[in-house]
Enquirer: 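Okay, handing you the structure first.
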Amino acid sequence: MTDLARHIQGQEKLVPDFHEHLKVILLGTGSPRAVYGVAKPGVAVLAGSKVFLVDCGAGTVGQLLLAGIMPQRISDVLFTHHHSDHNSGFFDVFISSWRTHVVPGAVYENRTVPMQVYGPETTRDIIGKMEASFAFDVDLRINYNKSASGGSRIEYHECNEGVVYDRDGIRITAFEVDHRPVYPAVAYKFEYNGQAAVISGDTLPVDNMVHYAQGADLLVHEAYNKEWLDALIAMYPEQATGLGNPAKYHTTTLQAAEIARQANVKHLLLTHHIPAPAKTPEAEAEAAYIRGMSEIYGGPITVGRDLMEVDLGKPLRKPE
């Protein structure tokens with residue numbers, strides 16, 4: 001067994017099984033455009049013994065593993081909307097969470113209960129078509145690999161506004177935002193142990209965000225840098241339509257600061273960067289990305305990076 005253990009890759013670091021405080025891990029901070037070293041959108045929210053996944057773009061399973069979360073812990077996926085960068089990794093999440101993973105010294109038990117899928121009113125139709133597309137694979141895994149059939153099912157919970165989860169001291173509320181022409185689109189507010197975190201999804205500035213995020217400990221909000229985007233359009237005018245479209249249904253960095261100010265949130269964490277700020281020189285790029293925001297919002301502003309962790313009971317932890 002010792003020789004076998006040396007040759008089989010395991011999982012070296014795992015998050016604890018229980019979290020006293022809300023913890024938010026940014027799995028991907030990118031957008032539909034492929035950017036080296038930046039994953040597609042996804043957020044893990046940990047509360048008590050639960051791990052919730054908000055959106056799952058391509059590569060989400062790999063990001064979960066890098067974050068120390070075995071996919072078998074995921075039985076609840078919440079979609080904010082159904083752009084491909086937010087749902088294209090669902091099939092992999094569904095299958096990987098359902099399969100037992102065995103390595104010397106550890107067995108990661110499969111998800112034996114149906115996957116709980118939450119989202120706006122289009123969710124059953126869109127994700128249901130995905131489910132139909134991998135029915136052949138699911139059938140093989142049940143009948144040939146003898147995987148537990150309980151984990152092969154999906155239960156849908158569609159809600160544009162209201163409480164979607166309320167048990168074991170964890171409350172999750174969905175509320176409508178504006179990402180038209182994608183309609184409906186929602187954001188989520190997580191409450192646990194006296195703390196609150198709001199995840200915006202993709203949206204224009206809306207009054208609903210200010211209302212539901214009021215006094216929140218953490219607001220994870222999408223934001224694009226208008227100055228940078230305008231400069232790119234000036235450099236490549238033939239790409240003006242494609243480059244300029246984000247302005248029609250996204251929030252600028254300065255608008256995100258205004259939302260945080262009006263909502264009196266304790267910490268603003270930016271994600272879904274357009275364009276993604278460079279990692280070298282990181283401090284300089286991030287300072288340029290958030291220029292002008294601190295003049296609007298006086299609280300801490302963090303440029304989200306893939307695998308960044310925010311434990312609401314501890315100081316901010318940046319990825320190593």
Side-chain angles (χ1 to χ4, degrees), residues 26-43 54-60 62-63 79-92 119-120 122-123 125-127 129-130 133 176-187 199-206 209 220-259 268-280 282 284-293 303-306:
L26 299 180
L27 301 174
T29 58
S31 68
R33 301 181 188 278
V35 177
Y36 179 78
V38 182
K40 299 297 173 63
V43 181
V54 181
D55 291 332
C56 49
T60 291
Q63 293 299 100
F79 290 104
T80 61
H81 66 290
H82 292 292
H83 263 143
S84 61
D85 56 320
H86 291 256
N87 66 19
S88 58
F90 176 72
F91 172 52
D92 195 17
T122 51
T123 299
D125 181 47
I126 294 171
I127 301 302
K129 289 184 173 66
M130 284 191 185
S133 75
E176 281 202 25
V177 295
D178 186 356
H179 193 45
R180 289 174 289 184
V182 179
Y183 178 84
V186 301
I199 299 172
S200 73
D202 290 3
T203 181
L204 288 165
V206 291
M209 190 66 65
V220 182
H221 205 290
E222 65 120 283
Y224 76 93
N225 186 293
K226 185 177 185 302
E227 181 182 346
W228 288 11
L229 205 58
D230 288 346
L232 279 175
I233 292 171
M235 291 173 63
Y236 304 101
E238 71 281 2
Q239 300 293 329
T241 299
L243 289 171
N245 269 346
K248 298 177 181 177
Y249 44 60
H250 288 284
T251 299
T252 71
T253 52
L254 300 184
Q255 289 171 331
E258 178 61 22
I259 292 167
L268 175 59
L269 177 60
L270 304 180
T271 189
H272 203 278
H273 306 309
I274 305 173
K279 294 183 178 179
T280 306
E282 183 175 63
E284 180 181 333
E286 291 183 359
Y289 195 76
I290 65 173
R291 185 178 292 123
M293 293 182 67
V303 177
R305 297 292 190 174
D306 288 16

Enquirer: For residues 222-234, dump all side-chain donor-acceptor pairs below 3.5 Å to protein atoms at least two apart in sequence or in another chain.
Expert:
from	atom 1	to	atom 2	distance (Å)
E222	OE1	H250	ND1	3.4
E222	OE1	T251	N	2.9
E222	OE2	T203	N	2.9
E222	OE2	H250	ND1	2.5
N225	OD1	E227	N	3.1
N225	OD1	W228	N	2.8
N225	ND2	Y289	O	2.9
K226	NZ	D230	OD2	2.7

Enquirer: Only distances under 3.5 Å count here; give the side-chain donor-acceptor pairs of residues 26-36 to other protein atoms, sequence neighbours excluded, each with its distance to 0.1 Å.
Expert:
from	atom 1	to	atom 2	distance (Å)
T29	OG1	D306	OD1	2.7
R33	NH2	G242	O	3.0

Enquirer: Check whether any side-chain heavy atom of H221 sits under 4.5 Å from a side-chain heavy atom of Q255, and report yes or no.
Expert: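 Counting from C-beta outward, H221 and Q255 never come under 4.5 Å.
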
Enquirer: Run the side-chain hydrogen bond (donor to acceptor under 3.5 Å, both in side chains) test against T123 and tell me which residues pass, sequence neighbours left out.
Expert: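 Once residues adjacent in sequence are excluded, the partners of T123 under the side-chain hydrogen bond (donor to acceptor under 3.5 Å, both in side chains) criterion are H82.
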
Enquirer: Measuring only between side-chain heavy atoms, which start at C-beta, is R305 closer than 4.5 Å to P277?
Expert: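 Answer yes - side chains close enough.
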
Enquirer: Can you list everything that forms a salt bridge (Lys or Arg N to Asp or Glu O under 4.0 Å) with K248? Sequence neighbours excluded, please.
Expert: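 Result, salt bridge (Lys or Arg N to Asp or Glu O under 4.0 Å) vs K248: none returned.
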
Enquirer: To the nearest 0.5 Å, what is the distance between CD1 (I126) and OG (S84)?
Expert: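 Going from the CD1 atom of I126 to the OG atom of S84 covers 11.0 Å.
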
Enquirer: Side chains of V182 and D202, heavy atoms from C-beta outward: is any pair under 4.5 Å?
Expert: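 They are not in side-chain contact.
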
Enquirer: Quick one: sort the H179 and H83 rings into parallel, tilted or perpendicular, breaks at 30° and 60°.
Expert: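 Perpendicular.
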
Enquirer: How would you list, by chain and number, every residue that makes a side-chain hydrogen bond (donor to acceptor under 3.5 Å, both in side chains) with Q239, sequence neighbours excluded?
Expert: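 Partners of Q239 under the side-chain hydrogen bond (donor to acceptor under 3.5 Å, both in side chains) test: none.
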
Enquirer: Would you give the length of the straight line joining atom NE2 of H272 to atom NZ of K40, rounded to the nearest 0.5 angstrom?
Expert: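 NZ of K40 is found 9.5 Å from NE2 of H272.
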
Enquirer: What heavy-atom pair brings G57 and S88 nearest, and what distance separates the two atoms?
Expert: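 Nearest pair, atom of G57 first, then S88: C-OG, 3.8 Å.
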
Enquirer: Is the shortest heavy-atom distance from the side chain of T253 to the side chain of I290 under 4.5 Å?
Expert: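 Sidechains of I290 and T253: no contact.
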
Enquirer: So, using side chain to side chain contact (heavy atoms under 4.5 Å, CB included) as the criterion, who are the partners of A287 when residues are at least two apart?
Expert: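 Scan of A287 (side chain to side chain contact (heavy atoms under 4.5 Å, CB included), adjacent residues dropped) gives none.
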
Enquirer: Report the residues that fulfil side-chain hydrogen bond (donor to acceptor under 3.5 Å, both in side chains) with R180, sequence neighbours left out, ordered by chain and then residue number.
Expert: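 D178.
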
Enquirer: Nearest heavy-atom pair of S200 and M209: which atoms, and what distance?
Expert: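 Looking at all heavy atoms of both residues, the closest pair is CB-CE, 3.6 Å.
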
Enquirer: Measure the shortest side-chain to side-chain distance between L254 and M293 over non-hydrogen atoms and say whether it is less than 4.5 angstrom.
Expert: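 Yes; the side chains approach each other to less than 4.5 Å.
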
Enquirer: For residues I127 and N87, determine if any side-chain heavy atom of one lies less than 4.5 Å from a side-chain heavy atom of the other.
Expert: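 A side-chain contact under 4.5 Å exists here.
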
Enquirer: Tell me every residue that passes side-chain hydrogen bond (donor to acceptor under 3.5 Å, both in side chains) with T122, counting only those two or more places apart in sequence or in another chain.
Expert: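 So T122 forms no side-chain hydrogen bond (donor to acceptor under 3.5 Å, both in side chains) with any residue.
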
